[in-house]
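Read through the structure below, which is laid out as structure tokens, and then see the notes.
This structure is a prediction, so every number in the text was calculated from the model and none was measured.
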Amino acid sequence: MPGVVPMEIDGAEVDPIDGGPKPPPSPHTAGKVKSHIIPSTISKEDEARQAIEMLRHDDAAHRVEAANRLESIAGVLGQERTRNELLPMVTDSVDDEDEVLLAYAKSLGNMIDVVGGPDFAHILLQPLEFLLTVEENTVREAASNSAQTVSELLPPAAFVSEYADMLGRLALKEWFTARISATGLIAAAYPKFKDDKLQRDFLNYFIRLCQDDTPMVRRVAAQYLGAMVQNVCTLQGRRALDETGPIVSSLVPLFEEFASTDQPDSVRLQTTANCVAFGEVLSKFADTGPLRPSEIALLQRILPLVVATIDDRSWRVRWTAAAKFANVITAYDGLPDAMHSLVPAYEKLLQDPEAEVRTAATFNLAFVAKCSARVPMAPVNRSPQDGDKDSYMSGPRVSVAERLVKRVTNLTEDDSEHVRAALAKVATELAPILGKDATITHLVPPVLLLLRDAASEVRLNLISSLSALNEVIGVDLLSQSLLPAILDLARDGKWRIRSAIIQHIPLLAKQLGRDFFTEKLASMCVGWLGDDIASIRLAAAQNLGELTALFGTQWATQFLLPSIVDIRKHDSYLRRLTALQACAVMATKMDSDAARLHVLPLVLEMANDIVPNIRFNVAKELVKMTPVCGLTAYESQVLPVLTVLMDDDDRDVRFYAENSMAKLDDLFADAP
């Protein structure tokens, strides 16, 4: 490479490109590509040479490997030679494939120490500036992360003279990818600009990027507008929100422009996130004192933009608003009269023509209902925007939860199963907010409708979320309606539905109580042991263990064991195996005497089964059961059975019997 002085390692002249001593020309080596395989014993110098050679290798995979090892190469070369020789070589190599450039971009951010620390870190910005202009998005993102890492460690003078200058150049470059990189970096760096002139200059750069002719630049600028608003307020404080301040005079007009229908969907998608940023800024200042007139005027300019997303022509924009509405509520809760606009807008999302939008909005139902504001009560049968607005605003005030619960019944009749499934997940979370009386009056009827829904996923979601409702009103009001829903799910044709309901059985048992559960559902739990799907049978066995722990040993002995005894005699060895597994799990949840007297004999008897799979599983399960039964049971009952199994004709049975005996011997070795 012209103009680069050859490097030396251990006194040998080294080519800065190839990284190894220059050998005399040889006819045997001419034209051959050097191997990238590094011997198992190699010095750091040799490793650096080979890595540098690999940077010029014809195979991109080798160049990627070498680029990932830049930090190690620099450690061998030393700080000065890294600055003077290695980094210029990297800078000249940025016209490479994307995979190589990505490795460069990631490695450069880790090289601050090997170039001499923060005082020399600005040298890394030169190759990074080239990488920030490439077309591949992943490379630019990695380069941006590395550039921010470097900027955080730069001395103040170098930050201004080197990093800020680089951002200015990027913002003015002709190729749009450089301007995309500049947008995010300027927003992130803005809090470190302490000089008023720098603040004005880079705010103007950002404004210019927001007005860029290229939609992709405007899209990225829209993504960072909220962060820029917060950073400007961090630097300038409350005065930034004055009528002549940069927020009101410069950034709010940009926000209004981004939210306009003239912008492409990709730009308008950022409207909701930017609204959240403005709301967080206003809420922060509202916590320190009442909003000033200019701030209230700003709030009144922002809220219509939030509401406008609800009516956007693009369903993706409306979906984004619905999905992020919980963040909107958090940002604006507590600001004067903000909920008077936002709650009706949210209700409109619940009635959106697109099922995806209604589903996203429904998932936020409980979160929106937790809002502390009190809003006018709107009629359910018409939109709150209809009729006389003054009459609407002067109507009686209710909590947001009391207003929204009136919409739940309509959602239970939604045509989309996904909307109803989302409602079933969150509807019961309204109960603690509403209180007992309002829950019984307004929430229980739609919940009962969901329990009778035709879609199994809806019923399952509701049953899995009943705990919040149970804590407020108890489950007695729902028990008779719950039973048909549970039985239907238990017999559902989809094995995943059956598996899911099994997982919820212990919680339901706790809520329904022992007597009701024993009468209506205990036999169903044992019946799952005969399911055709192996994972269902295994889950059913584990479920019996949970029920034993919940209701006690005596209950399990009386209501579960008799049915399991019958399954032990089933013609199918798979059913007998499930009975064995259920016995073992239940024994671990019982007291020692009951496990030894009632369960252990059942398991030991199965050691005589004609199927080897049953016999070696007996040996395996005894390892779990025997510690509960105690040393005496081991010596008098378990040990003789394992001894017999160790002489079994089947080698698998012998293996597991020997293995189990060894484990139990170790376990009881220190027993008195």
Side-chain angles (χ1 to χ4, degrees), residues 137 141 176-177 179-184 186-187 203 206-232 246-282 298-332 338 341-364 368 383 385:
N137 185 50
E141 287 181 354
F176 76 93
T177 54
R179 303 198 298 276
I180 287 177
S181 297
T183 304
I186 288 174
L203 181 59
F206 188 82
I207 293 171
R208 177 173 176 166
L209 292 167
C210 289
Q211 298 169 336
D212 198 276
D213 292 336
T214 306
M216 287 176 284
V217 178
R218 297 201 304 274
R219 174 177 59 82
V220 176
Q223 290 177 353
Y224 287 100
L225 178 61
M228 195 67 177
V229 168
Q230 293 176 328
N231 289 339
V232 169
I247 298 294
V248 177
S249 63
S250 300
L251 296 182
V252 171
L254 288 174
F255 179 35
E256 292 172 332
E257 184 178 346
F258 283 152
S260 71
T261 55
D262 296 334
Q263 298 290 345
D265 294 358
S266 60
V267 174
R268 300 200 312 280
L269 280 173
Q270 311 305 321
T271 302
T272 304
N274 289 329
C275 286
V276 171
F278 276 102
E280 289 172 347
V281 167
L282 289 170
L298 175 60
L299 176 62
Q300 292 172 348
R301 288 179 67 179
I302 298 299
L303 284 176
L305 300 179
V306 185
V307 175
T309 61
I310 310 306
D311 295 315
D312 196 278
R313 65 177 182 270
S314 169
W315 75 268
R316 292 197 306 147
V317 175
R318 303 197 305 274
W319 180 90
T320 302
K324 296 183 177 180
F325 216 86
N327 298 333
V328 174
I329 292 297
T330 301
Y332 288 89
S341 301
L342 294 178
V343 171
Y346 176 71
E347 290 176 320
K348 198 165 186 179
L349 285 172
L350 293 174
Q351 304 168 56
D352 193 271
E354 296 293 337
E356 291 85 351
V357 177
R358 299 197 302 274
T359 301
T362 303
F363 273 122
N364 283 319
V368 176
S383 172
Q385 285 83 9

Would a 4.5 Å heavy-atom cut-off, applied to side chains only, mark [X] and [Y] as touching?
X	Y	value
Asp352	Trp319	no
Thr272	Phe325	no
Ile302	Phe255	yes

Side chain to side chain contact (heavy atoms under 4.5 Å, CB included) evaluation trace for Ile310 with Tyr346: CA-CA 8 Å; Ile310 310 306; Tyr346 176 71; over 6 Å; no
Tyr224, OH atom: more than 12 neighbouring heavy atoms under 6.0 Å: no
Crowding at CZ, Arg301 (>12 non-hydrogen neighbours, <6.0 Å): yes
Interatomic spacing from [atom1] in [X] to [atom2] in [Y] - rounded to 0.5 Å:
X	Y	atom1	atom2	value
Arg316	Glu354	CZ	CD	12.5 Å
Leu305	Phe258	CG	CZ	12.5 Å
Arg219	Ile180	CZ	CD1	6.5 Å
Phe176	Ser181	CZ	OG	10.0 Å
Ile247	Leu282	CD1	CG	9.5 Å
Ile207	Leu203	CD1	CG	4.0 Å

Arg218 side chain vs Leu209 backbone, donor-acceptor pair below 3.5 Å: no
Minimum heavy-atom distance [X]-[Y], with the two atoms named:
X	Y	answer
Glu257	Gln263	O-CG, 3.1 Å
Ser341	Val307	O-CG2, 4.0 Å
Pro246	Val232	CG-CG1, 3.7 Å
Asp212	Arg179	OD2-NE, 2.6 Å
Ala323	Asn364	O-ND2, 3.2 Å
Val267	Pro215	CG2-O, 4.3 Å

Stepwise side chain to side chain contact (heavy atoms under 4.5 Å, CB included) check, Val252 with Glu256: CA-CA 6 Å; Val252 171; Glu256 292 172 332; 4.0 Å; yes
Check against side chain to side chain contact (heavy atoms under 4.5 Å, CB included), Arg313 and Arg268: CA-CA 11 Å; Arg313 65 177 182 270; Arg268 300 200 312 280; 3.1 Å; yes
Side chain to side chain contact (heavy atoms under 4.5 Å, CB included) between Leu254 and Leu251, worked out: CA-CA 5 Å; Leu254 288 174; Leu251 296 182; 4.0 Å; yes
Using atom types as modelled, flag every donor-acceptor pair under 3.5 Å from a side chain in residues 273-280 to any protein atom, sequence neighbours excluded.
residue, atom, partner, partner atom, Å
Asn274, OD1, Gly226, N, 3.0
Asn274, ND2, Ala222, O, 3.1
Asn274, ND2, Gln270, O, 3.2
Glu280, OE1, Gln230, NE2, 2.7

